[in-house]
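The structure appears right after this line, and notes come after that.
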Amino acid sequence: YQYLLITGIYVLEPWEKSLFNSILFSAIAMVIYTSYVFV
Amino acid sequence: MNSRGMWLSYVLGIGLLHIILLSIPFASVPVVWTLTNLIHNLCMYLLLHTVKGTPFETPDQGKARLLTHWEQMDYGVQFTASRKFLTITPIVLYILTSFYTKYDRAHFVVNTVSLLTVLIPKLPQLHGVR
Amino acid sequence: GRTASGDGSLYTRPFVESFEETPMLVAVLTYMGYGVLTIFGYLRDYLRHWKIERCYVAREKEEQKDFVPLYQDFENFYTRNLYMRIRDSWNRPICGVPGAKMDLMERTSFDYNLTFEYTGRVVPDVINLGSYNYLGFAENTGPCADSAAEVTMKYGVGVASTRQEIGNLDTHEEMEKLVAKFLGVESAMAFGMGFATNSMNIPALVGKGCLILSDELNHASLVLGARLSGSTIRVFKHNNMQSLEKLLREAIVLGQPRTHRPWKKILIVVEGIYSMEGSIVRLPEVIALKKRYRAYLYLDEAHSIGALGQRGRGVVDYFGLDPCDVDVMMGTFTKSFGAAGGYIAGKRELIEYLRSHSHSAVYATSMSPPVVEQILTSMKCIMGEDGTTIGCERVRQLAESTVYFRKRLRELGFIIYGNNDSPVVPMMLYMPAKIGAFGREMLKRNIGVVVVGFPATPIIESRARFCISAAHTKDILDRALSVISEVGDLLQLKYSRHRIQS
């Protein structure tokens with residue numbers, strides 16, 4: 001709930017929430033992967 | 001633009017953009033810096049110098065409708081703190097980008113053109129000029 | 001920061017006002033939230049533009065595209081992409097008078113608030129923390145309602161003419177005399193609409209060659225009236241006497257721009273209570289400045305009349321000042337008298353002048369007699385002229401409830417804006433999603449609140465605004481406080497770093 005409220009996607013429609021979450025999590029996955037490779 | 005935390009959020013936003021671009025596995029560091037610079041300048045140009053009016057109704061009988069965000073800022077007063085800050089950040093980003101692209105010619109030209117597109121509209125002489 | 005009373009000699013009571021700063025992390029997260037919603041707003045506009053998504057709002061036809069655009073597309077960006085998503089928290093239909101408790105019509109939406117449908121059920125006994133009903137006169141029983149009903153039978157409801165023609169009834173004149181007596185000034189004039197009282201009379205008072213010094217948070221009606229007048233307008237920082245004095249000095253020293261002629265009139269326009277901030281004007285200092293620089297003072301007591309002061313006479317009474325020091329006393333009957341309309345009061349010459357020069361006196365139909373009767377009855381009750389002490393008790397009750405409610409909210413850890421004695425209590429929410437969430441969660445728990453966000457407030461100062469009423473009993477307030485605390489924990493709204501120990 002806090003995640004929805006702080007990111008503001010609480011007010012979005014379900015498909016928008018899914019879109020936001022997929023973009024966010026793929027970006028996080030990319031950051032983790034690249035950091036791992038880099039380190 | 002000068003309300004509390006706006007400048008910090010803006011700098012954090014640029015940092016976040018850069019980190020996400022840096023995470024693209026096949027992108028090299030010079031390309032990432034140039035992309036950061038280009039995307040930042042493109043967003044700044046669109047939001048500050050292209051979009052006119054306000055995204056909500058204002059009680060000023062439509063006076064702001066024909067002004068860009070940059071012209072509406074601080075009621076049109078020039079050389080305010082916010083204006084200086086928003087003028088300096090693209091320059092700092094450009095200097096960093098030039099450094100990290102090892103002053104490569106192609107990058108240099110692209111970044112310089114991009115920087116000029118966000119610096120020229122900020123000149124006080126061009127206030128309200130179409 | 002907290003500002004204690006100003007210059008000790010001017011204030012007869014402690015003046016404590018606080019506007020705790022937005023925590024930096026919350027500010028950054030708030031901008032991020034608005035950024036995310038703006039990006040999705042652009043995405044939706046893009047989908048509508050390419051007809052991927054159906055567009056429901058009014059648009060020009062293809063053939064009309066070459067004409068000047070009728071609909072300011074971008075100006076409704078926030079409305080269609082932000083407000084639309086959370087607008088179930090606004091404009092809720094109620095089933096009766098907006099008293100301490102009310103019944104709400106339950107409604108639902110199957111298309112994300114584009115349209116609403118009534119479920120046919122009523123949400124009973126919702127605690128009303130949103131309406132302006134400071135003294136609890138919004139009631140459909142009791143002496144006010146009875147006498148208003150009586151007058152309705154006798155006079156009817158419509159007047160259908162203006163004050164300057166046959167719309168001037170004896171009941172109007174009686175009410176105006178009572179208002180003048182209530183305020184302690186020579187004469188008063190009433191108008192059928194609070195907003196119009198400002199926007200139609202300021203142009204009758206000042207014009208070209210005059211200067212209006214206006215507080216930056218003044219109500220839209222004051223802004224409109226000032227603009228319609230054609231005067232030069234200068235804005236000083238909210239309730240900031242240094243800023244006001246600086247403008248006054250400049251105005252006196254430099255005079256009018258270019259010609260440097262002295263200003264014909266300088267009118268300082270302030271409000272008694274700023275309902276969005278919950279702050280009270282620093283009236284003693286404003287009056288001291290106006291006397292020193294020979295300016296005029298226009299005081300809008302829309303919220304403070306009836307709600308402040310030992311005797312409910314407004315902010316002048318609250319500070320124990322002389323009403324004659326205020327040149328133009330304005331106020332409304334909407335918030336404390338359970339009626340509608342506004343008044344202007346002051347010296348006899350001023351009012352006689354307005355009777356012949358005010359736009360409302362010439363063109364507006366007069367106030368409806370039942371509304372006039374509501375004002376008469378409630379005002380007599382406050383003055384104690386009805387032989388009871390109900391009015392005095394309500395004024396005292398409101399003052400006590402206000403201090404109690406504010407203190408408890410601070411103890412709970414919320415950031416509360418404004419003056420300790422202001423019955424309007426803004427509680428900060430900050431993030432855009434929390435605006436909608438707070439309104440919904442509170443209604444789930446049977447409490448109706450008003451929430452306000454950007455652009456009506458600065459972008460990082462979204463808030464809920466509680467309006468205390470004398471009709472709220474201590475049980476109601478305690479119930480409300482416990483629910484607010486529960487929702488505050490759920491939504492993480494207890495941001496204050498100056499939490500005071502109970």
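Each chain gets a letter, A, B and so on, in the order the sequences are listed, and its residues count up from 1.
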- [ ] Among Glu57(B), Arg4(B), Lys52(B), single out the residue with the greatest number of heavy-atom pairs under 4.5 Å to chain C.
- [x]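 Heavy-atom pair counts peak at Arg4(B).
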
TODO: Sort out for me which of Leu12(B), Leu16(B), Val51(B) touches chain C most, counting heavy-atom pairs under 4.5 Å.
DONE: Val51(B)

Does [atom1] belonging to [X] count more than 12 external heavy atoms closer than 6.0 Å?
X: Lys208(C); atom1: NZ; answer: no
X: Phe195(C); atom1: CZ; answer: yes
X: Arg105(B); atom1: CZ; answer: no
X: Arg130(B); atom1: CZ; answer: yes
X: Lys494(C); atom1: NZ; answer: yes
X: Tyr46(C); atom1: OH; answer: no

Open item on the list: Given heavy-atom pairs under 4.5 angstrom as the criterion, report whether the side chain, backbone, both or neither of Leu29(C) touches chain B.
Closed with: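 Contact with chain B involves no heavy atom of Leu29(C) at all.
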
Open item on the list: Which atoms of Tyr34(C) are under 4.5 Å from chain B, going by heavy atoms: the side chain, the backbone, both sets, or neither?
Closed with: neither

Task: Ring-ring centroid check Phe454(C) Phe56(B), cutoff 6.0 Å - done: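 That pair passes the under 6.0 Å test.
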
Task: For the student: nearest non-hydrogen atoms of Ser9(B) and Ala27(C), plus distance - done: OG-O, 4.5 Å

- [ ] Report yes if some heavy atom in the side chain of Tyr31(C) is under 4.5 Å from a heavy atom in the side chain of Met6(B); otherwise report no.
- [x] yes

